[in-house]
Structure formats: structure tokens, C-alpha cells
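Just below is one structure, and these are the notes that go with it.
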There are 2 protein chains.
Amino acid sequence: MVPEEQETCCRGAGAMHGPERPCCRRAGGGGGGALVEPAALAALLNRGAHGYDVRRAISELTGGELEVDAGGLYRVLRRLEAEGFVVSAWSEGDSGPQRRDYEITSEGRELAEDWLSHLRERQRVAGLLADVLSAALAPSKV
Amino acid sequence: MVPEEQETCCRGAGAMHGPERPCCRRAGGGGGGALVEPAALAALLNRGAHGYDVRRAISELTGGELEVDAGGLYRVLRRLEAEGFVVSAWSEGDSGPQRRDYEITSEGRELAEDWLSHLRERQRVAGLLADVLSAALAPSKV
DNA sequence: GCCCACTAGCTGCATCTCGCATATAGTGTT
DNA sequence: AACACTATATGCGAGATGCAGCTAGTGGGC
């Protein structure tokens, strides 16, 4: 992993650098849409883990393209638990800082399926709009 | 008065149906990411028009898949003007309610190009995450 | 005359996600 | 002791969106 070229305007879900173009700047909030929650679910589908590990898993599963904020991830995990999509328990006996082990529930699995279709839909709409934009930018090149 | 049929979840940013799943519910804010601005730019690239017409144009260009909120659209247009990406003028002489005609500037065209690559990137990331989710959901079906 | 629908523009308000900074602990290293 | 790394968590502000509501002009039905 050699991230020398950080051209990616949306490294995480909206990291940017150039204060020039608002198009990128506007990725601040929901810029790319909700990504952390589905990413966390995907990581937990593979295997139960604690938050810090989930973060690493997300990075690995996506080839380092999705680096989620740790704070945000913990928030998402707590919320998912409050809504019954994951369960957690303090992992005891280990040395080191306390860890909270998460596991996905059957409801969480259903939620992941919903996310899947949702993401496909989002992908489709983004492509559709991109095509429209592309056509509008180069009408002569039809 | 609680609206019984709240089908609307992400009608604009990605049509959905299930009212239960928070995956859809969370489309409230940045749910599908910024779409109104690029859509407005695409509409104005085709031809200058007033806001209400831009809204119709967006709907038509996307085959009715993207129905943006009128209020939000006006807000976006005003902001785009404040930043120099479009210009507007009150259209006079017409009967009926006052209309503000918008036209895209050369800077707006550049912005649209940025949006294009941004959308392609977003499309790619959404697809990537969808693939990861898909693989995690059906590991046996490799 | 009165009410309503449609076009047209605009403003609040609530909600959601995200990134960055910061606080807390425990453990191991220098 | 100071520092780095793991691990969890909270505070704060920014952006984008949807919904409801307000102003105004025009025209149609009762």
C-alpha cells in the first residue's frame, strides 16, 4: 500500500484537499452517501470482531479505498446495536485495553441485503446522472 | 396527523419501498450524496431556463428517476449563482408569475466536468462496496 | 364574487451522514 | 517518565436533503 498519489477526491467518504472546486468540497457530509454502515455490516458478515478491527477489515476488503473515521465507526456500531442489527459484549480476559466484540444478527444480515440493493441502486443513479452530464457536456460527440 | 403511507424514502436519491429498514430511512440527509447540483448543471447545459423548468428538465433527462425537491433546487441555484457558476435575470414582459431565467457560465461548465468525474468515482465506490457486500452475503456462491 | 388549481420562487425546520479534534485507558518501548 | 499504539467514545460543525408552508399571478368552475 503506497498511497503516494492521493488524488482521490473521496478517499474515505468525502476527504478532500483542494478548497477550489465546490463539487468536491460538498462531499463534506453526505457527499458520497451513507457508506460507513454498509461497510461495517460487510466486515461483520465475514467475521465478528471489535470496532478497531472492523475498521481494518473495511480497509482491506475495499483494497484500501475506503478508510472510515474511527469515531464515526464506533457511533455507527453503537447505533446498529441499539437497533438490534448487531450485538456486542465486552471481551474479557484479554490483556490490553478493553474491547467490545461485535457480532451481526439475523436482522443485521437482512439489513445488509437491503443495503446491497440500495447500493446497486445508488450506483445506477450515479451512472445515469453521469451519462446525462457527459452527454450534455459533449453533445457533438454523440 | 401521521402519514400512513410514507413510501417516500429516497424517491429522489434512489427509489425505495421498504418503510422499515433504516438503510432507506437514512437517506434523509446525504443519503445518496449530492445529486441536485449536478442535475441542475446538466439541465442548464442543455439550455438556459428558469428554475421550475430546470426541475422538469431534470425529470425528463433522467427518465423520471430523479425528482428533485423544488425548494432545494431554488436554494442550489441561488448558491450556484452566488459562486459564479450560473447567472440569472428576471424575465420580464411575460404574463404570469415572475420568472428568473438561469444560464450557465464557463465556470459552471468546468464545474460540471468536475462533477462528472466525481460521479463516476462515486459510482465506482458504490459498486465496489456492493460487490464486497454481495460476496460477504453469499460466500458459498463463489 | 368565491374557492381552487397550477405555475413560480423562496424560506424554515428537522434529519442524516460525515470528518476532525479531543478525551479516556491499558500496554509496551525507550 | 515520555512516547507510541491499541481501543472506545464524545463534541462540534459542515453539507445535503425532504417536507411543510408562505407569497403571488393567472385562469377555471360554481
Side-chain angles (χ1 to χ4, degrees), chain A residues 9-17 19 22-40 49-56 66-81 88-102 122, chain B residues 1-3 6-14 16 22-40 49-56 66-81 88-92 94-102 122:
Chain A
C9 155
C10 347
R11 197 194 53 216
M16 11 111 266
H17 26 65
C23 138
C24 210
R25 193 189 65 212
R26 285 197 223 302
L35 290 169
V36 176
E37 184 172 308
H50 56 281
Y52 212 79
D53 236 35
V54 167
R55 186 159 174 268
R56 258 194 298 261
L66 214 75
E67 304 262 359
V68 304
D69 176 62
L73 176 59
Y74 288 120
R75 243 189 292 253
V76 164
L77 287 172
R78 301 300 304 260
R79 192 187 53 202
L80 284 174
E81 181 173 25
S88 80
W90 285 110
S91 143
E92 43 180 312
D94 288 332
S95 63
Q98 281 208 299
R99 291 198 267 146
R100 191 191 283 272
D101 283 316
Y102 284 93
R122 186 188 296 178
Chain B
M1 244 61 85
V2 181
Q6 201 170 0
E7 284 293 333
T8 67
C9 210
C10 341
R11 201 190 45 219
M16 272 320 220
C23 137
C24 201
R25 194 189 63 209
R26 283 196 226 301
L35 291 169
V36 177
E37 183 172 311
H50 56 280
Y52 211 80
D53 234 35
V54 167
R55 186 159 175 268
R56 258 194 297 261
L66 215 74
E67 303 262 359
V68 305
D69 176 63
L73 177 60
Y74 288 121
R75 244 189 295 252
V76 165
L77 287 173
R78 300 302 302 260
R79 193 186 53 203
L80 284 173
E81 180 172 27
S88 79
W90 285 111
S91 143
E92 42 180 312
D94 287 332
S95 64
Q98 281 208 301
R99 291 198 267 147
R100 192 191 283 272
D101 283 316
Y102 284 94
R122 186 188 296 178

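Residue numbers begin at 1 in each chain, while the letters A, B, ... track the order of the sequences. What you are looking at is a predicted structure, and each value in this text was computed from that prediction instead of being measured.
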Distance in angstrom units between [X] [atom1] and [N] [atom2], rounded:
X	N	atom1	atom2	answer
L73(B)	dG18(D)	CG	P	11 Å
D101(B)	dT7(C)	CG	P	17 Å
E37(B)	dG18(D)	CD	C1'	18 Å
D53(B)	dA8(C)	CG	C1'	11 Å
Q98(B)	dC10(C)	CD	P	9 Å
R79(B)	dT11(C)	CZ	P	14 Å

Would you list the protein and nucleotides 3-6 of chain D atom pairs, both N or O, that sit under 3.5 Å from each other?
none

Review point. At their closest point, which heavy atom of L80(A) faces which heavy atom of E37(A), and how far apart are they?
Key: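 Scanning both residues completely, I find the closest heavy atoms to be CD2-CD, 3.8 Å.
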Point to revise | Contact summary for W90(A) and R100(A), nearest pair of heavy atoms | key: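 Nearest pair, atom of W90(A) first, then R100(A): CZ2-NH2, 3.3 Å.
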Point to revise | Heavy-atom side-chain proximity of R122(B) to L35(B) below 4.5 angstrom | key: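 Yes, side chains in contact.
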Exercise for review: Check whether any side-chain heavy atom of Y102(A) lies under 4.5 Å from a side-chain heavy atom of E81(A), and answer yes or no.
Suggested key: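 When only atoms from C-beta onward are counted, E81(A) and Y102(A) do touch, with a gap below 4.5 Å.
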Practice item. Could you pull out all residues at least two apart from R78(A) that satisfy salt bridge (Lys or Arg N to Asp or Glu O under 4.0 Å)? Key: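 Once residues adjacent in sequence are excluded, R78(A) has no partner under the salt bridge (Lys or Arg N to Asp or Glu O under 4.0 Å) criterion.
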Hey, can you pull the donor-acceptor pairs under 3.5 Å for the side chains in residues 69-77 of chain A, sequence neighbours left out?
| unit_1 | atom_1 | unit_2 | atom_2 | d |
| --- | --- | --- | --- | --- |
| D69(A) | OD2 | G71(A) | N | 3.4 |
| D69(A) | OD2 | G72(A) | N | 2.9 |

Check your understanding: Between G51(B) and V76(A), which has a closest nucleotide on DNA chain C that is more 5'?
Key ->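 Nearer the 5' end of the strand: G51(B).
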Practice item. Measure the spacing between NE2 of H50(B) and CZ of R56(B) and express it to the nearest 0.5 Å. Key: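 Atom-to-atom, H50(B):NE2 and R56(B):CZ are 6.0 Å apart.
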Please tabulate, one pair per line, each protein N/O and nucleotide N/O from nucleotides 9-11 of chain D that are separated by under 3.5 Å, including the distance.
| unit_1 | atom_1 | unit_2 | atom_2 | d |
| --- | --- | --- | --- | --- |
| dA9(D) | OP1 | R78(A) | NH1 | 2.6 |
| dA9(D) | OP1 | R100(A) | NE | 3.1 |
| dA9(D) | OP1 | R100(A) | NH2 | 2.7 |
| dG11(D) | N7 | R75(A) | NH1 | 3.3 |
| dG11(D) | O6 | R75(A) | NH2 | 2.5 |

